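Okay, so here's the structure we're looking at.
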Amino acid sequence: MSNSTRSFHESSYDIGLCDSTQTSSIADQLRAVKDGEICMVDYRNCSVLQCVTCNTVLGDSLGICGEVQSLQSIICLKVTEDVRVNKKLEMSLNGQLAFSTYQVLHCAGCHGAVGLALHSTPEHLSALRNLFLLRKELINCYMLRSGTCVKASKINFKHRLMDKNIIELKQDLEAQLKQVKILEEMMEKLCADSVS
């Protein structure tokens with residue numbers, strides 16, 4: 001095992017169960033990306049993820065869908081072509097990644113390890129399979145609005161609560177239900193009129 005890969009195992013902590021809200025929010029974001037949802041984005045509020053060693057751009061905040069605190073990693077749906085996925089599949093038998101298989105992610109600029117992509121995992125890590133996990137201590141964030149660079153380890157990437165979206169969705173569903181009831185009443189009336 002290489003030195004760059006070994007660091008992923010040495011600072012291991014026991015990982016807790018994956019939060020179900022995290023799992024569902026990741027799944028929702030994946031669905032949104034696959035369905036091609038269009039949304040307006042204020043790019044001034046975005047940030048760029050860079051390698052801490054060579055400043056190569058590895059991704060941006062539009063591809064981030066949360067973080068895994070126990071792994072000290074940012075969860076990304078997408079990364080740039082400068083993130084190279086090692087072809088070798090590795091396995092961990094102990095620590096936070098126990099019984100998981102993964103591929104190490106490397107920076108194309110400095111060739112240093114910057115994260116991993118989990119493939120086969122225990123159930124509590126299943127929501128993270130096939131996503132890009134970038135190690136926070138190996139990433140800097142260039143904030144577009146202020147033009148400053150901040151260590152990713154100083155930033156909270158937890159997924160925002162979706163209460164407002166849920167309330168709006170509930171209102172939309174209730175409105176659609178009312179429309180369905182009105183249509184049912186109209187159909188019943190038409191059926192009754194046509195019978196008589």
Side-chain angles (χ1 to χ4, degrees), residues 14-49 57-71 73-81 83 85 89 96-103 105 115-134 136 141 143-145 152 155-196:
D14 289 331
I15 186 166
L17 292 176
C18 194
D19 183 1
S20 63
T21 58
Q22 178 185 8
T23 305
S24 63
S25 65
I26 293 169
D28 291 343
Q29 287 205 4
L30 280 171
R31 240 182 269 107
V33 169
K34 287 180 183 173
D35 294 344
E37 283 185 10
I38 298 172
C39 59
M40 298 302 291
V41 176
D42 183 1
Y43 293 104
R44 295 171 297 186
N45 293 329
C46 293
S47 60
V48 176
L49 304 177
V57 174
L58 305 176
D60 59 42
S61 58
L62 297 176
I64 296 173
C65 63
E67 76 175 88
V68 184
Q69 289 181 334
S70 58
L71 295 175
S73 297
I74 305 166
I75 306 167
C76 296
L77 296 171
K78 296 187 278 188
V79 291
T80 68
E81 292 177 3
V83 175
V85 180
L89 200 59
Q96 59 199 15
L97 296 173
F99 308 108
S100 298
T101 58
Y102 57 89
Q103 291 173 292
L105 304 176
L116 50 88
L118 293 171
H119 291 286
S120 177
T121 64
E123 188 176 339
H124 67 277
L125 293 172
S126 64
L128 302 174
R129 289 181 194 148
N130 300 316
L131 296 172
F132 301 99
L133 303 178
L134 299 177
K136 289 176 79 170
C141 296
M143 311 306 246
L144 295 178
R145 182 173 294 280
I155 299 175
N156 182 354
F157 293 95
K158 281 188 177 177
H159 196 285
R160 291 177 225 80
L161 294 176
M162 300 176 61
D163 289 340
K164 185 178 178 184
N165 292 343
I166 291 172
I167 292 169
E168 290 174 4
L169 178 62
K170 182 180 176 185
Q171 290 171 345
D172 288 345
L173 290 173
E174 287 172 349
Q176 289 178 8
L177 183 60
K178 284 181 185 177
Q179 288 178 335
V180 168
K181 287 182 180 180
I182 291 170
L183 289 171
E184 282 178 345
E185 290 172 4
M186 290 174 65
M187 290 296 292
E188 286 174 5
K189 187 175 180 181
L190 283 172
C191 288
D193 288 345
S194 65
V195 171
S196 39

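Every value quoted in this text rests on a predicted model; they were computed, and no experiment measured them.
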Measuring only between side-chain heavy atoms, which start at C-beta, is Leu71 closer than 4.5 Å to Leu97? yes
Less than 4.5 Å apart, side chain to side chain, heavy atoms only: is that true for Leu49 and Cys76? yes
Do any N or O atoms from the side chain of Thr101 and from the backbone of Ser120 form a donor-acceptor pair under 3.5 angstrom? yes
Hits for side-chain contact (heavy atoms from CB on, under 4.5 Å) against Leu190, two or more places apart or cross-chain, chain-then-number order -> none
So does Ile155 get a backbone contact from the side chain of Lys136, meaning a donor-acceptor N/O pair under 3.5 Å? yes
May I ask you to test the Gln96-Val68 pair for a side-chain heavy-atom distance under 4.5 Å? no
Leu58 versus Val83: any side-chain heavy-atom pair under 4.5 Å? yes
Answer yes or no: is there a side-chain heavy-atom contact under 4.5 Å between Leu173 and Gln176? yes
Heavy-atom side-chain contact between Cys65 and Leu77 under 4.5 Å: yes
Side-chain touch Ile75/Leu133, heavy atoms, less than 4.5 angstrom: yes
Hey, is the main chain of Gly63 close enough, under 3.5 Å, to the side chain of Asp60 for a donor-acceptor pair? yes
Asn130 meets the side-chain hydrogen bond (donor to acceptor under 3.5 Å, both in side chains) criterion, sequence neighbours left out, with His119
Please give me the minimum heavy-atom distance between Thr80 and Gly59, naming the atom from each residue. CG2-N, 3.7 Å
Once you round to the nearest 0.5 Å, how far does CD1 of Ile74 lie from CD1 of Ile64? 5.0 Å
Which residues share a side-chain hydrogen bond (donor to acceptor under 3.5 Å, both in side chains) with Thr121, sequence neighbours left out: Arg129
Does atom CD of Glu81 have more than 12 heavy-atom neighbours, drawn from other residues, nucleotides or ligands, at distances under 6.0 Å? no
Ser47 side-chain N/O to Cys141 backbone N/O, donor-acceptor pair under 3.5 Å: no
